[in-house]
> 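Quick one: the structure is below, and I'll ask about it shortly.
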Amino acid sequence: MSFPEIDSPSFKEAELRSEWTRVAALLAAFAGLFFVVVIRGALSLAVGWRGEAWPFAILLAVMTVYELARLRRVRQAITLHLAASRTRWAFNVFVESLFPTVALLLQIQTPSFGPDRALTSPVVLAWLLFLILSTLHLDPALSRFAGVCSAVEYAAVALWIFARYPETTSVAPFVVYGTAISYTAILVLSGFAAGAVAGQIRQHVLAALHDAENRAKITQFEHDLGMARSIQQGLLPSVTPCLPGFEVAGWNQPADETGGDYYDWQQLADGRVSVTVADVTGHGIGSALIMSACRAYARAGLAMDPDVHKLLNHLNPLLFHDLPAEKFVTFVAALVDPQYGVAQMISAGHGPLLFYSAADDRFLCYEAQGPPLGLLPRFAYTGPVTFKFDVGDILVLLTDGFIEFANAADEEFGIQRVQDVIRASRGKEPAEIISGLRAAVLQFAAGARQLDDLTALVVKKTAPASI
Amino acid sequence: LHIRDNSGVSVIDISGRLTLGDVPTILRDEIRRLIDEGNRRILLNLSGLTYMDSSGMGLLVAAYATMSREGGQLKLCCLTSRIKDLLLITKLYTVLEIYEDEPAALGSFAVAAH
């Protein structure tokens with residue numbers, strides 16, 4: 001066979017369905033032929049010939065019963081997901097090719113035809129009908145086999161007629177032999193032509209199935225991604241923390257379905273609140289997985305011991321062992337004490353860390369205490385920086401997605417524009433400051449694609465300390 | 001990406017953009033090859049590097065860490081202001097061995113050898 005066996009269950013099913021169509025089409029053709037035979041029988045009765053058509057009607061009935069049985073077997077195979085057996089199908093092709101042979105033999109016995117005209121009678125065309133429909137086997141080899149069977153049987157009947165009825169070749173032997181040879185050749189060639197058509201149909205069916213499978217995979221993939229996204233978004237804090245005198249807001253928008261950025265806050269047992277922003281290398285699903293590991297370590301660590309310095313020195317080797325080489329996390333955590341309005345902040349390679357002082361109307365830019373997490377497992381981070389919030393002061397923790405958001409001219413949003421927006425919205429609530437930043441960066445980008453995740457967390461002191 | 005030998009130090013000139021994609025892969029393979037060939041002094045000349053994303057940064061640090069583990073030295077020189085800012089923000093500037101220009105970097109290798 002020139003085509004490889006296709007093992008996919010969907011192709012096997014398509015093959016069976018096609019076979020079902022083929023048998024159904026044959027049955028429809030039989031019904032039409034039956035009608036023709038009955039009309040011819042009735043007409044022949046009218047002109048005084050008796051019984052010429054009836055053997056054909058009986059043969060058609062036998063064929064119909066055979067094909068009905070086959071239709072049932074194919075239907076069962078489809079329902080039970082059975083595979084088509086090549087040998088059995090080939091045997092069926094052979095059995096079907098015998099029907100026109102029997103009809104031809106009956107034709108010889110028909111008085112109005114006789115042996116000399118039988119070899120060119122319409123019965124021969126029945127083989128072509130089978131050959132045309134054999135394309136629905138979707139198997140070039142089976143179609144060619146059908147062509148060879150038809151030709152061999154036709155040739156055998158012809159030889160038998162020439163031997164049995166020598167008078168058929170006595171008048172014009174050249175014409176008679178030539179006709180028989182041509183018919184035989186046409187049957188073989190038709191088989192091969194049908195094989196070529198079957199091959200084409202097979203290719204199209206395979207391509208269509210391939211497309212359908214791909215679409216199904218994509219749907220599954222999109223579903224999984226959507227699920228990952230909703231899980232990741234669910235990891236972001238939803239309830240604002242209890243931080244008297246302060247307001248806190250966060251926002252995250254991944255560049256893809258999922259991202260490597262996150263922000264978090266956590267109410268600690270001593271009344272302080274930790275706020276965190278982190279950025280995992282890259283974005284997408286891989287970074288999202290790392291992000292959730294990092295977040296889990298950080299939350300568990302801070303709950304056990306609310307010391308950001310120890311936290312970094314623990315997180316770093318843990319992440320180093322978890323992360324693939326070259327992947328890292330920039331991480332900033334600040335512990336805000338509402339009682340004294342003081343914050344302790346530590347950063348592992350994360351910047352910019354902007355602090356807007358309302359009294360001086362100026363920005364302080366804090367530096368990181370060491371490199372990003374997960375790169376150098378033995379690095380010892382220095383202690384956190386401590387600063388005091390006065391009313392109106394704003395801490396803004398961003399990821400570089402904001403700073404590096406580029407417009408069509410490849411110009412970046414940059415830290416200056418961030419500061420301008422914060423200064424302009426210094427009187428507003430943190431959530432409004434963030435939406436201002438978001439609007440400004442989108443306006444600046446003017447439709448340029450977001451290439452990196454965007455995350456912002458803003459802490460603002462809104463009222464004097466509670467003591 | 002161009003590799004040359006300057007007074008016993010393998011100097012790799014990196015230019016263009018070091019972002020997620022082919023360049024980091026080639027650079028990683030080249031550094032790996034140099035280390036496998038027994039090369040223990042590598043200098044990355046970044047004078048032509050205009051942009052680097054976090055995956056490029058990860059690559060540099062991982063190469064540095066690998067080299068340190070193998071007992072060798074990997075240094076950087078000739079940073080553009082943009083790359084310098086990036087390394088300053090992430091504090092990698094203080095971790096990695098960085099020199100203003102190539103002679104200074106080569107000189108540091110020589111001093112270490114004595």
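Each chain gets a letter, A, B and so on, in the order its sequence line appears, and its residues count up from 1. Note that the structure is a prediction, hence the values are computed from the model and not measured.
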> Quick check on B:Arg4: does its CZ atom have over 12 non-hydrogen neighbours (other residues, nucleotides or ligands) under 6.0 Å away?
yes
> Going by side chain to side chain contact (heavy atoms under 4.5 Å, CB included), name the residues that satisfy it together with A:Arg299, two or more places apart in sequence or in a different chain.
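Checked A:Arg299 against side chain to side chain contact (heavy atoms under 4.5 Å, CB included); matches are A:Asp264, A:Gln266, A:Arg295.
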> I'd like to verify something: which residue of A:Ala368, A:Ser347, A:Gly351 has the highest number of heavy-atom pairs under 4.5 Å with chain B?
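Of the candidates given, the most pairs with chain B belong to A:Ala368.
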> Taking B:Ser54 as the fixed residue, which of A:Thr281, A:Asp279, A:Asp452 is the one that meets the side-chain contact (heavy atoms from CB on, under 4.5 Å) rule?
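The residue from A:Thr281, A:Asp279, A:Asp452 that satisfies side-chain contact (heavy atoms from CB on, under 4.5 Å) with B:Ser54 turns out to be A:Thr281.
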> Which one, A:Pro352, A:Pro372, A:Gly349, leads in non-hydrogen pairs under 4.5 Å with chain B?
A:Gly349
> May I ask you to check whether over 12 heavy atoms, not counting those of B:Glu100, lie within 6.0 Å of atom CD?
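Open: at most 12 neighbouring heavy atoms sit under 6.0 Å from CD of B:Glu100.
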> In a table with atom names and distances, give each donor-acceptor pair under 3.5 Å that connects a side chain of residues 44-52 of chain B to protein atoms at least two apart or in another chain.
unit_1: B:Asn45; atom_1: OD1; unit_2: B:Ser47; atom_2: N; d: 3.0
unit_1: B:Asn45; atom_1: OD1; unit_2: B:Ser47; atom_2: OG; d: 2.9
unit_1: B:Asn45; atom_1: ND2; unit_2: B:Glu102; atom_2: OE1; d: 2.7
unit_1: B:Thr50; atom_1: OG1; unit_2: B:Gly16; atom_2: O; d: 3.0
unit_1: B:Tyr51; atom_1: OH; unit_2: A:Glu404; atom_2: OE1; d: 3.4

> Are more than 12 heavy atoms from other residues, nucleotides or ligands located less than 6.0 Å from atom NE2 of A:His309?
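It does: A:His309 NE2 has more than 12 such atoms within range.
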> Measuring from B:Tyr64:OH to A:Leu376:CG, what's the distance to the nearest 0.5 Å?
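Result: 7.5 Å between the selected atoms.
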> How would you list all residue pairs meeting side-chain hydrogen bond (donor to acceptor under 3.5 Å, both in side chains) that involve residues 412-421 of chain A, not counting sequence neighbours?
A:Glu411-A:Arg417, A:Glu412-B:Arg82, A:Gln416-A:Asp420
> Among B:Leu87, B:Leu92, B:Leu96, B:Asp53, who wins on heavy-atom pairs under 4.5 Å with chain A?
B:Leu92
> So do B:Lys91 and A:Gln369 actually touch side chain to side chain, heavy atoms under 4.5 Å?
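No, side chains not in contact.
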> Please list, in residue-number order, every residue in residues 325-335 of chain A that has a heavy atom less than 4.5 Å from any heavy atom of chain B; write 'none' if there are none.
A:Glu326, A:Phe328
> If we define contacts as heavy-atom pairs under 4.5 Å, which of B:Val61, B:Leu60, B:Leu88 has the most with chain A?
B:Val61
> Kindly compute the distance separating CD1 (A:Ile415) from CD1 (B:Ile89), expressed to the nearest 0.5 Å.
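Between atom CD1 of A:Ile415 and atom CD1 of B:Ile89 there are 7.0 Å.
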